[in-house]
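These notes are about the structure you will find just below.
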Number of protein chains: 2
Amino acid sequence: MKPKKISLSDIAKEAGVSIALVSYVLSGKEKEGRVGPEIAQRIRVIARELNYQPNLLAKSLRDGRTYTIGLIIADISNPFFANIAREVEDESRRNGYTVIIGSSDENADKAYDLMNVLINRQVDGFIIVSSENSERIVTHLQTIGMPFVLLDRHFPAFDTDFVVTNNAKASYEAGVHLLENGYRRIGFVAYRSVMFHVKERIRGYQDALRDRGIVAEADWLKEVQFDNMATEIRTAIDELLSGRVPIDAIIFSTYGLAVNGLKYFNERKVRVPDDVGVVSFGQAEVFDLYYCPISFMRQPIDVLGKRAVEVLMERLQQPDNPHRQVTIDAQLIARESSQRKPE
Amino acid sequence: MKPKKISLSDIAKEAGVSIALVSYVLSGKEKEGRVGPEIAQRIRVIARELNYQPNLLAKSLRDGRTYTIGLIIADISNPFFANIAREVEDESRRNGYTVIIGSSDENADKAYDLMNVLINRQVDGFIIVSSENSERIVTHLQTIGMPFVLLDRHFPAFDTDFVVTNNAKASYEAGVHLLENGYRRIGFVAYRSVMFHVKERIRGYQDALRDRGIVAEADWLKEVQFDNMATEIRTAIDELLSGRVPIDAIIFSTYGLAVNGLKYFNERKVRVPDDVGVVSFGQAEVFDLYYCPISFMRQPIDVLGKRAVEVLMERLQQPDNPHRQVTIDAQLIARESSQRKPE
DNA sequence: TTGAAAGCGCTAACAG
DNA sequence: CTGTTAGCGCTTTCAA
């Protein structure tokens, strides 16, 4: 039933030559004055006839490289990561690499298991969007000398390659933007996390208010639990909107928070931007389609993905170069959601 | 710098035994009365100490199976496919398989190239969301005896395994739903395609109208070009809404069409559902968040993905079983967009 | 109980 | 110019 796979030796037999010759010809090495032109031709013809397909497994085993990279992200069904994955996939293919993607669900243990699966499959390197408490992955990869690039999130305590957004700056700009549009009491919703990128976003927001002479009240900052986001965000918003003096704008620090927040706005009949101004991180069709198009800090997904692959390629070439640390600015896309109606 | 990988022979040397023994122990075969218990213990300890990681490449080369499956979809950054990918990934991992995903961009040539890349990487089988004109993939996989399952779309002319939505029925229900809510002049927007699933969706729509005694006018059906969708859909909607007698409802046959259509509604200030009722295929957060939540035919993504993997697993076990053809019903999620306001 | 060795398909050093 | 061969890491048959 299943036709046997064609191997070099099949072709060699058919052509009446040695395996080595076939290998040379088929990997374009006959230029080096190795193989006679007529026999090279014959081999090529036979290979075509038999529809020879090289076994990359064997080749990889032989020379210790698989031309495969492992991509560990939180969840491929989240559009932010899906887009990242797409960029990484495309750019990798351009470099002759195949990508294996794994979703960690922001769970450090799952991510670690995934890493091991991919190591066993002999990936040449990793691109990783880290989750909380996954420093173990970093240290392990470092001790075994496996090349990797951290993407979108990084650990400042470790000297590694990374490609990230300038989160503090992005938040800062989001804050200033709202202030300049007349908002004064600006809330900020983030995940509860010790991750650097989360802290940076909070810091940027706080700096913006402070620099503009606004005294932010502590309870303008809401941190919600990732696992319990759908419900906690409702409480957070309730509190923001029903405080002694309600806030007049909110910055959502991720796409997921924004979507759930906006959903709840609909439920509570909170009107954007009349009742509350909005700027979000992330980017998605949702923001275009909302009745009031949502302003957001456009994270440079395409650049992030491409650069991550580039940095990894460099690292594979030059394992001992100093680490590359790339920071890319986000871009404010101002829409109506942060445009206060003239009173 | 890079620590050498630990192999069986390293452990064997360390333990002063043969490679074979180590292999037996580490693959749990010492039960078969093969290995002495104390030596087995010693081997295990050493393996742990050295942090042995089996080289799956070598194992795969040896026994001709990689425990890898290739997933070919149109575009991982489309939420429908991203969710499919997620389900396939999870279910595969549960079965001890790793997934390699490739995006074809609905391009048959790209898909064929992808297929070859994955074949060279010795995947054990494929799950494929076919694009137009990619029958070649099907015939090729059949002639080389490579197991595969078509997902979401299939070719009725070929006898293959497949797992798909009952598209005709879904469309039919969408049509009936609108009719029962008082809409009479129902337009349908689809991609221009000869693919079976597209034709089926159109057929279901037409049958619904016919069965309810509505004479559908030919220009209620709009087919737009995939590559040029963003602009063609505007024309299509213009025509639907500005005909001699404008339509009063639209069915969008995919997520992408719906998103672009709704975006244009916003631009044209067309109000849903007052000016036009809407039902869409696909599913996404967008539909929740639109000012008027969008009714849609919920495609059973989770089931589709899981079943596809199941069918492939069966096929890998039983290459000669008759083909499994699984059809799963979509489910109408009725929201306000198809709820005509009482006049 | 244990070990030696073949072989999966490929590349490359070496020999002729 | 062409062939022989070792070896990547693993499993498994066969022999001891």
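A note on names: the letters A, B, ... follow the listed sequences, proteins ahead of strands, and every chain is numbered from 1. None of the values given here were measured: they were computed from a predicted structure.
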Return the value, rounded to whole Å, for the distance between atom CG of A:L57 and atom P of D:dC10.
13 Å
Any side-chain donor-acceptor pair under 3.5 Å between B:R44 and B:Y52?
no
Anything under 3.5 Å between a protein N or O and an N or O of nucleotides 4-7 of chain D, put it in a table, one pair a line.
residue, atom, partner, partner atom, Å
D:dG7, N2, A:R62, NH1, 3.1

Tell me: CG of B:L56 to P of D:dC10, nearest whole Å?
10 Å
Expressed as a whole number of angstroms, how long is the span from A:D63:CG to C:dG9:P?
17 Å
Measure the distance from CD1 on A:I43 to C1' on D:dC1 and round it to the nearest whole Å.
12 Å
Please report the distance, rounded to the nearest Å, between NZ in A:K5 and P in C:dC10.
10 Å
Find out whether the Lys NZ or Arg CZ of B:R136 is both under 6.0 angstrom from the six-membered ring centre of B:Y112 and within 45° of the ring's axis.
yes
In whole angstrom, give the distance that lies between atom CZ of B:R121 and atom P of C:dC10.
15 Å
Over all strands shown, is B:S23 touching base, sugar-phosphate only, or nothing at heavy-atom distances under 4.0 angstrom?
base
With a 4.0 Å cut-off on N to O distance, would you call A:R93 and A:E89 a salt bridge?
yes
Comparing nearest nucleotides in DNA chain C, the 5'-proximal residue of the pair A:A58, B:V17 is B:V17
Short N-O contact, A:R86 and A:D90, less than 4.0 angstrom
yes
Map A:I39 and B:L8 onto DNA chain D by nearest heavy atom, then report which one ends up closer to the 5' terminus.
A:I39
Output yes when B:D161 and B:R324 qualify as a salt bridge under the 4.0 Å nitrogen-oxygen rule, no when they do not.
no
Strictly by modelled atom types, are B:R121 and A:Y67 linked by a side-chain donor-acceptor pair under 3.5 Å?
no
How many angstroms lie between atom CD1 of A:I301 and atom CD1 of A:I328, to the nearest 0.5 angstrom?
11.5 Å
Which comes earlier along DNA chain C counting from the 5' end, the contact point of B:G16 or that of B:L61, where each point is its nearest nucleotide?
B:G16
Nearest-angstrom distance from the residue atom OH of A:Y52 to P of C:dG9
10 Å
Report the distance from atom CG of B:L26 to atom C1' of D:dG9, rounded to the nearest whole Å.
13 Å
Nucleotide nearest A:N55 (side chain, heavy atoms from C-beta), chosen from C:dC10, D:dC1, D:dC10
C:dC10
